[in-house]
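Here is how names work: the chains are called A, B, and so on, in the same order as the sequence lines, proteins then strands, and each is numbered from 1. FYI, side chains are in, hydrogens and waters are out, and symmetry mates aren't considered; it's all heavy atoms of this structure.
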Amino acid sequence: MKSFCCMEGNRIGETGLSDSGPSNQHIAYGVLHEITPSATNFLDQQGSAFEFGELEEALVPKLLQGVGIRNDENKKSLFTSRPPTLEIFPSWPMRFQLTPGGKSQSAESTDSGSAQNTESPISRRTSDQSTEQHQEKLEQMASDSSRKGPQNHQPKTLEKRKGADSGSKILDAKTLRRLAQNREAARKSRLRKKAYVQQLESSRIKLTQLQQELQRARSQGLFLAGGGGGAGGNISNGAAIFDMEYSRWVEENQRHMSELRGGFHAHLSDANLRVIVDGCLAHYDEIFRLKNMAAKSDVFHLITGIWATPAERCFLWMGGFRPSELVKVLMPQLDPLTEHQLMGICNLQHSSQEAEEALSQGYEALQQSLAETIARGPVSDATHIGDYMGQMVIALGKLTNLEGFVCQADNLRQQTLHQMRQILTVRQAARCFLAIGEYYSRLRALSSLWVSRPRENLISDDNNACQTSTDLHMVQSTHNHFSTF
Amino acid sequence: MHYQTESWGAYMASRAGSDPLERVERLASENALVIFSISTCCMCHAIKRLFCGMGVNPTVYELDEDPRGKEIEKALMRLLGSSSAVPVVFIGGKLVGAMDRVMASHINGTLVPLLKEAGALWL
């Protein structure tokens, strides 16, 4: 009877319980269900002699021993999830096959004592007695021509046989009760499984939503703390801190801008306006202080300008704006200027340009020196380790100078803003700071528009269109502010 | 710009033993615009380019090219109260400062008058 190898839906192997089978079967089955060898050996030993139901009954305790299951629930789930290979009597109709959520009705509709109920647990039976009986029975099965039908008969004959034995009536009742309990537990298990699957589905939907949001946020050029420049690379502590502080600074700056605007429209006195203007200037001092600290921990982060939006970045000079450029941009906004003031502004632009030039040349000298250090020695062959390390040490020393240059550049920016404040009257200075604020607002809006511009290969064109219209609206509002001057 | 090398060495030899800070003051007063520098320092290079760009001719002392340069370096560090001695600028014998002070004074418009006053810049 070793031929009752699993035929239908066999996932494990063809051998079933052939000679080499048991090990295969039990390994595979064990893999699936973490069942210890003892259980499946039992299967092998008893298998051929047992009617299916009896087999199940005998098998479960062993299985449970092996897996170490303690409670009912797990038992049931073990059965509900077992593969069809456990259906080792393929000659029996496939209504044995457990389909998710489907089978319970038909199983329950059959004879309650039916051992075909695949979820039924099996009580341990006294093996000798059963072996005899089942041996007889199996022979009967073998000789029986219509194998398809007998499932309804067999349990009954089984019951009769059971009835014939003394003391087995009690067992029947117990068995019945247990079978009923197990059916119930199996039903609950199916419901749990259904709930779990539903949870998985909703989580999946939520995940895709979050991914979309993230994609949108990234494309807008928003740089969240620790988010870096979209490259997803490692971001240093100092850089992350600076990014966070910078975004906070930008928000604060917006507040200062609204205060200024409000002050203007309210026609505040010069004295009152001065307070607000000086507040703005102090706020700029704050960003230079923050950049100074950031330069000490991660100068490269500042130099690459990842913290700024793309459009701002294209004007980047030594980790920030170019002072002479800003003065040039602001000049038309400051009219009317006195002769003296005009000269002052022109001198400012000129001197900042000279200073920028000097710093740039010094920076280039540093780059050249660094390149020479790295390139020293034979490049094609491996250099001697001592030389290599020596080279690295020198190069490291040169890199430390970068911090100095970025700090000097920031110093230049700060001095330029202070000088502007010196040259201008309070009202002019107010307009000046507002103009600076608006200018950078526009650059940020431009960045936003740029990254969300419609492109052919993008699928989510609707999203882009929405974003674009929002950004246009934003630009429109800033334009209105600007035009009040 | 002109570099004091020959006379620098001779001068130093004849003044052996005198206080480095005194020496600095003495050197600074000898020319309208004096810069103490180190030949390999890139910031020093930047400051030199700044003055040349303005059309000024500074007198540069390279501390790494002098046997007693180390002493001067230390003295300058104490004077400035900073960890880097160079570059440091004297105009008309008076201390202006390091790079940041020089740039600040250029931006606020005080550098050019100072240079003119000291005779380092005409026009």
Side-chain angles (χ1 to χ4, degrees), chain A residues 288 292 296 318 323-324 326-327 340-341 343-373 394-395 397-423, chain B residues 1 3 33 35-58 60 62-64 73 76-77 80-89 91 96-117 120-121 123:
Chain A
F288 293 123
N292 216 310
K296 288 184 172 68
M318 287 220 197
S324 58
L326 188 66
V327 173
H340 178 71
Q341 282 180 325
M343 203 164 66
I345 302 272
C346 286
N347 285 341
L348 176 61
Q349 190 192 327
H350 190 65
S351 54
S352 66
Q353 219 158 350
E354 283 177 343
E356 284 161 27
E357 188 58 35
L359 278 178
S360 295
Q361 287 187 15
Y363 191 76
E364 271 171 41
L366 177 61
Q367 283 176 318
Q368 207 164 340
S369 168
L370 188 63
E372 278 168 17
T373 304
I394 295 169
K398 292 189 176 173
L399 278 182
T400 57
N401 292 310
L402 277 174
E403 184 197 320
F405 277 96
V406 172
C407 287
Q408 291 302 332
D410 277 340
N411 178 39
L412 191 63
R413 289 172 195 124
Q414 190 175 21
Q415 294 300 323
T416 305
L417 287 174
H418 277 261
Q419 181 64 3
M420 287 290 279
R421 175 69 192 93
Q422 282 295 108
I423 295 171
Chain B
M1 75 193 94
Y3 292 85
L33 173 63
I35 306 177
F36 289 95
S37 155
I38 287 174
S39 58
T40 54
C41 166
C42 296
M43 198 57 82
C44 300
H45 181 79
I47 216 168
K48 289 173 212 168
R49 303 288 344 133
L50 176 66
F51 285 114
C52 291
M54 290 163 67
V56 191
N57 199 20
V60 180
E62 303 284 6
L63 297 179
D64 57 330
E73 234 184 288
L76 287 172
M77 272 191 253
L80 294 172
S82 100
S83 53
S84 77
V86 291
V88 67
V89 172
I91 299 178
V96 174
M99 183 56 138
D100 54 346
R101 285 251 38 86
V102 170
M103 289 223 288
S105 71
H106 191 35
I107 292 295
N108 67 25
T110 57
L111 188 66
V112 169
L114 209 59
L115 286 167
K116 283 186 180 163
E117 199 183 345
L121 182 65
L123 213 85

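Only the side chain of Gln419(A) comes within less than 4.5 Å of a heavy atom in chain B; its backbone stays farther off. There is no contact between Gln422(A) and chain B, counting heavy-atom distances below 4.5 Å. Neither the backbone nor the side chain of Asn401(A) comes within contact range of chain B, judged by heavy atoms closer than 4.5 Å. Contacts between Tyr363(A) and chain B at a heavy-atom distance below 4.5 Å are absent for every atom of the residue.
Contact check for His45(B) versus Leu366(A): no side-chain heavy atoms found under the 4.5 Å cut-off. Contact annotation: the side chain of Gln415(A) never approaches that of Met103(B) to less than 4.5 Å [non-hydrogen atoms, C-beta and beyond]. Put simply, the side chain of Asn411(A) does not reach to within 4.5 Å of the side chain of Met99(B), judged on heavy atoms.
Going from atom CE of Met54(B) over to atom CD of Glu357(A) covers 14.0 Å, rounded to the nearest 0.5 Å. One distance of note links CG of Asp100(B) with CD of Gln414(A); it measures 10.5 Å at 0.5 Å rounding. Atom CD of Glu356(A) and atom CG of Leu50(B) lie 11.5 Å apart (nearest 0.5 Å). Glu354(A) CD to Ile107(B) CD1: the interatomic distance, rounded to the nearest 0.5 Å, is 9.5 Å. Rounded to the nearest 0.5 angstrom, Asn108(B) CG and Ile423(A) CD1 are separated by 10.0 Å.
In Arg421(A), the CZ atom is crowded: over 12 heavy atoms of neighbouring residues, nucleotides or ligands sit closer than 6.0 Å. Around CD of Gln367(A), the count of heavy atoms belonging to other residues, nucleotides or ligands within 6.0 Å exceeds 12.
In terms of heavy-atom proximity, Cys42(B) sits nearest to Ala365(A) at SG-C, 3.9 Å. Contact between Ala46(B) and Gly362(A) at its shortest, heavy atoms only, is CB-CA, 3.8 Å.
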